[in-house]
Amino acid sequence: MSHVADRTTVTRFAPSPSGNLHVGGARTALFCYAFAKGHDGRFVLRIEDTDQKRSSEAAGLGFLADLDWLGLHWDEGPVFTCQDGRSVGGGEHGPYFQSERLATYDAAIDRLIAEGKAYLAFDTPEELDAARQAARAEKRAFRYDGAAARALSDADRERLRAEGRPCVVRFASPQRDIVIRDEILGEATLPAGEVDDFVIRKADGFPTYHFAVVLDDAAMQVTHVLRAQEHFNNTAKHLLLQEALGLPHPTYAHLPIIFNPDGSKMSKRDKDKALREAAKTAGLEKSPDGPDGSPIVDEKAYARWLGDKTVQLPGEAATAMAAALGVALPEIDVEDFRRSGYLPEVLVNFLALNGWSPGDDLEKFDLAFLCQRFALDRVVKTPARFDRAKLLAFNLDAIQQMDEATFLARLLDHGRRYHPGFIARLGEERMAALAAASHARSKTLDEPYVGNAFLVADDESISWPPDKAIDKALRKGEPNGLANLAACVPALQAIDEHAWNVATLERVLETFVAERELGNIGKVAQPLRVAVSGGTVSPPIFDTLEMLGRTSCLRRIERCLAAFEHSNVATS
RNA sequence: GGCCCCUUCGUCUAGUCUGGUCCAGGACACCACCCUUUCAAGGUGGGUACACGGGUUCAAAUCCCGUAGGGGUCACCA
């Protein structure tokens with residue numbers, strides 16, 4: 001039992017290719033990265049694509065961009081061009097896709113077979129299923145009984161193979177207590193019998209996770225395995241395999257799992273779950289139409305998705321479906337938070353706080369600090385619920401810390417990616433004005449876009465839906481909002497196009513309020529806001545009016561007054 | 001159900017190893033008030049936790065035992 005010592009610290013993040021990186025994975029990657037960097041070590045990224053079905057279906061390496069966005073760049077792994085143009089990845093221990101390392105696994109498996117440490121097994125999936133169900137019925141844990149398969153003679157095996165019977169390779173697990181040493185959880189002993197003769201090579205010739213992970217960690221000189229706690233029990237298998245193969249044991253540390261706010265395990269399937277529930281509640285028989293007018297998914301796919309909890313909708317289809325059903329998708333992927341306007345440095349900070357803390361009541365820190373201070377002995381053992389409200393508060397703080405120019409630049413960056421039409425429509429100059437007017441009140445980079453859609457809407461498309469708050473602004477009081485609105489129009493009309501700015505508007509409207517003895521600028525500000533935006537929320541009124549421009553403001557006020565003309569008779 | 005692990009405010013956590021400085025600290029959320037042209041933001045103040053039961057000890061959130069609760073895992077997925 002050799003131990004890894006006096007070597008460069010190497011950690012690895014080893015996800016399966018499943019499209020987007022979710023926050024749990026991101027936190028694991030973050031800790032792996034911080035640990036390696038804090039020890040002047042290397043951070044390796046390896047793609048665990050040994051499940052042919054999954055890899056071909058879900059696929060995608062979208063999470064590489066997510067890691068890049070978070071600033072978690074790998075020293076070794078798939079070659080990738082970052083946003084800033086530089087290239088990361090590569091390395092001398094590749095390839096970094098397990099599907100390209102089959103020869104290595106086969107050689108090792110053959111060796112184990114030759115040494116009598118592994119054997120061919122011909123059980124069919126049906127037989128195994130039956131045995132599993134029987135065990136469950138007896139409330140027993142299922143353990144594969146290798147007696148029969150082990151008893152097979154070489155001649156028997158050759159005959160079965162010649163018949164073309166599919167077979168797997170199973171590891172002949174030594175039956176004894178296994179002690180797992182974990183830097184976070186401490187020491188645990190798994191009693192003999194807990195680890196059965198598990199499969200190391202599947203019928204399709206691919207190795208299982210357990211086998212590939214052990215061989216690759218050794219090949220890539222990984223010294224510290226940081227992974228989610230759900231892998232804890234698997235460690236026993238890995239320890240046994242390492243011994244059989246004569247490989248060193250890396251140090252293990254199992255990270256607490258991240259949960260949803262309601263305490264359920266956070267899963268990539270949560271989005272589909274939310275959508276499926278909404279679809280069922282709405283009683284939808286077939287897929288709703290997407291933005292292009294055709295069904296989002298065809299009838300067959302829809303039925304399959306609705307009936308099978310494990311089927312996931314592709315990202316875009318899920319987004320379209322959410323829009324069609326009017327459901328807010330839970331944010332669980334890094335990309336979701338990016339789209340929602342969270343800052344990567346804030347996500348990094350907050351993610352680190354789920355499961356770790358530097359102590360000293362310190363909560364705000366950056367990636368460099370984390371690298372410097374991160375240590376396994378301060379990782380908590382208990383699962384954490386992901387508190388979006390606190391994340392949002394952190395994001396607001398970070399945004400408020402920015403100077404004006406930085407905020408504008410970041411806002412534009414975000415908009416170019418998610419709201420290109422908005423930027424094109426508003427133009428650079430007014431974008432700057434919008435940034436200034438929204439800075440203090442923006443919790444995310446997305447809010448200014450979403451909350452101010454009226455700025456780029458067509459004047460003729462503004463409407464005033466029945467709404468208590470709108471009604472209050474327009475019709476309550478004496479004189480009411482509509483009356484004040486109508487009364488201030490001449491004053492506004494008197495302002496020149498080129499003088500239509502915050503200073504002038506403020507002076508003119510304050511004069512108006514004083515002359516009419518309305519007492520409070522709100523008496524006219526709120527009706528104006530409603531008239532001009534179709535809602536009761538906007539940036540400060542003078543900024544709003546300036547950004548919109550004289551023509552649009554006057555036209556919208558005119559339309560608003562017209563829209564309420566009749567209903568106004570009674571109260572004016 | 002078997003096995004393994006965990007248990008401090010609503011949430012994330014500090015404190016636990018090295019019992020006393022903790023009638024338990026911070027943050028977010030919440031409540032109240034202030035400010036206010038909307039929504040926010042901001043300001044001030046406030047309530048809320050050592051799962052339970054036994055020990056050990058002069059002294060326990062901290063050590064021991066038990067109970068309850070929670071989680072993970074039991075795949076030819078990772």
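These numbers come from the heavy atoms of this one structure, side chains and all, not from hydrogens, waters or symmetry mates. Chain identifiers are assigned alphabetically (A, B, ...) following the order of the sequence lines, protein sequences preceding nucleic acid strands; residue numbering begins at 1 within each chain.
- Using modelled atom types, one side-chain atom of A/Thr124 and one backbone atom of A/Glu127 make a donor-acceptor pair closer than 3.5 Å.
- No engagement by A/Lys364 is indicated, since no non-hydrogen atom pair under 4.0 Å with the nucleic acid exists.
- Cation-pi geometry between A/Arg132 and A/Phe142 is met: under 6.0 angstrom from the ring centre, within 45 degrees of the axis.
- Contact between the side-chain N/O atoms of A/Arg378 and the OP1/OP2 oxygens of B/C17 is not found at any separation under 4.0 Å.
- In this structure, A/Glu138 reaches neither bases nor backbone, as no heavy-atom distance under 4.0 Å exists between it and the strands shown.
- Going from atom CG of A/Leu185 over to atom C1' of B/U7 covers 14 Å, rounded to whole Å.
- In terms of polar N and O atoms assigned as donor or acceptor, the side chain of A/Arg385 never comes within less than 3.5 Å of the base of B/C12 in a complementary pairing.
- One interatomic measurement links the two molecules: CG of A/Asp397 to C1' of B/C28, which rounds to 10 Å at whole-angstrom precision.
- A/Val168 comes within contact range of at least one nucleobase, with a heavy-atom separation under 4.0 Å.
- Residue contacts for A/Pro166: at a heavy-atom cut-off of 4.0 Å it reaches no nucleic acid atom on any strand shown.
- Within the 4.0 angstrom heavy-atom criterion, no nucleotide atom of any strand lies near A/Pro256.
- Distance, A/Leu128 CG to B/C74 C1': 14 Å, rounded to whole Å.
- Annotation: B/G53 and B/G69 have their C1' atoms spaced 14 Å apart (nearest Å).
- Computed from coordinates, the A/Arg143 CZ to B/A75 C1' distance equals 12 Å when rounded to whole Å.
- Residue order along RNA chain B, read from the 5' end via each residue's closest nucleotide, puts A/Gln400 first among A/Gln400 and A/Asp196.
- In this structure, the CZ atom of A/Arg181 is 14 Å from the P atom of B/C5, given to the nearest Å.
- Using atom C1' as the reference point in both B/C50 and B/U36, the two lie 42 Å apart (nearest Å).
- Across all strands, A/Val213 comes closer than 4.0 Å to no nucleic acid atom at all (heavy-atom distances).
- In this structure, A/Phe259 reaches the sugar-phosphate backbone alone: every heavy-atom distance under 4.0 Å involves primed, P, OP1 or OP2 atoms, never a base.
- Within a heavy-atom distance below 4.0 Å of RNA chain B, the residues of residues 229-237 of chain A found are A/Gln229, A/Glu230, A/His231, A/Phe232, A/Asn233, A/Asn234.
- Residue contacts shown for A/Thr536 include a base, since a base heavy atom lies under 4.0 Å away.
- Between the CD1 atom of A/Ile258 and the P atom of B/G72 there is a distance of 14 Å, rounded to whole Å.
- Nucleic acid contact class of A/Thr189 (heavy atoms, under 4.0 Å, all strands): sugar-phosphate only.
- Relative ring orientation between A/His210 and A/Phe198 is described as perpendicular, the plane-to-plane angle rising above 60° on a 0-90° scale split at 30° and 60°.
- For A/Arg388 against B/U11, no side-chain N or O and base N or O form a donor-acceptor pair under 3.5 Å.
- Ranking B/U37, B/A78, B/G42 by closeness to the A/Leu396 side chain, first place goes to B/G42.
- The cationic atom of A/Lys117 (NZ for Lys, CZ for Arg) does not lie both less than 6.0 Å from the six-membered ring centre of A/Phe171 and within 45° of the ring axis.
- Separation of the P atoms belonging to B/C9 and B/U48 is 14 Å when rounded to the nearest angstrom.
- B/A40 and B/A78 have their C1' atoms separated by 44 Å, given to the nearest Å.
- If you take CG of A/Asn395 and P of B/A40, they are 17 Å apart, rounded to a whole angstrom.
- Rounded to an integer number of Å, the gap from A/Asp360 CG to B/A14 P is 11 Å.
- A/Leu353 comes within 4.0 angstrom of sugar-phosphate atoms only, judged by non-hydrogen atoms across all strands, and of no base.
- Comparing the same atom, P, in B/A51 and in B/U16 gives a spacing of 16 Å after rounding to whole Å.
- When heavy atoms are screened at a 4.0 angstrom cut-off, A/Gly355 is found touching the sugar-phosphate backbone but no base atom.
- Using a 4.0 Å heavy-atom distance criterion, A/Arg170 is classed as a sugar-phosphate-only contact.
- The side chain of A/Phe394 approaches B/A27 more closely than any other nucleotide in the set B/A27, B/A78, B/G25.
- Not one N or O on the side chain of A/Ser357 forms a donor-acceptor pair closer than 3.5 Å with the backbone of A/Leu353.
- Across the P atoms, B/A29 and B/C12 are found 15 Å apart, a figure rounded to whole Å.
- The aromatic rings of A/Phe374 and A/Trp356 sit tilted relative to each other, their planes meeting at an angle between 30° and 60°.
- As judged by a 4.0 angstrom heavy-atom cut-off over every strand, A/Ile541 is placed among the base-contacting residues.
- Residue-level contact check: A/Ser538 touches the bases, meaning some heavy atom is under 4.0 Å from a base atom.
- Salt-bridge formation is not detected for the pair A/Asp197/A/Arg143: no Lys NZ or Arg NE/NH1/NH2 atom is positioned less than 4.0 Å from an Asp or Glu carboxylate oxygen.
- The aromatic rings of A/His254 and A/Phe232 lie perpendicular to each other, with more than 60° between the two planes, well past the 30° mark.
- Distance noted for atom P between B/G72 and B/C34: 47 Å (whole Å).
- For the pair A/Gly359 and A/Pro125, nearest-nucleotide mapping onto RNA chain B gives the more 5' position to A/Gly359.
- Using C1' as the reference atom, B/A61 and B/U18 are 16 Å apart when rounded to the nearest Å.
- Taking a cutoff of 4.0 Å between a charged side-chain nitrogen and a carboxylate oxygen, A/Glu363 and A/Lys390 qualify as a salt bridge.
- Between A/Arg136 and A/Glu138 no salt bridge is recorded (no basic side-chain N to carboxylate O distance below 4.0 Å).
- Between A/Thr50 and B/A78, a side-chain N or O to OP1/OP2 separation shorter than 4.0 Å is present.
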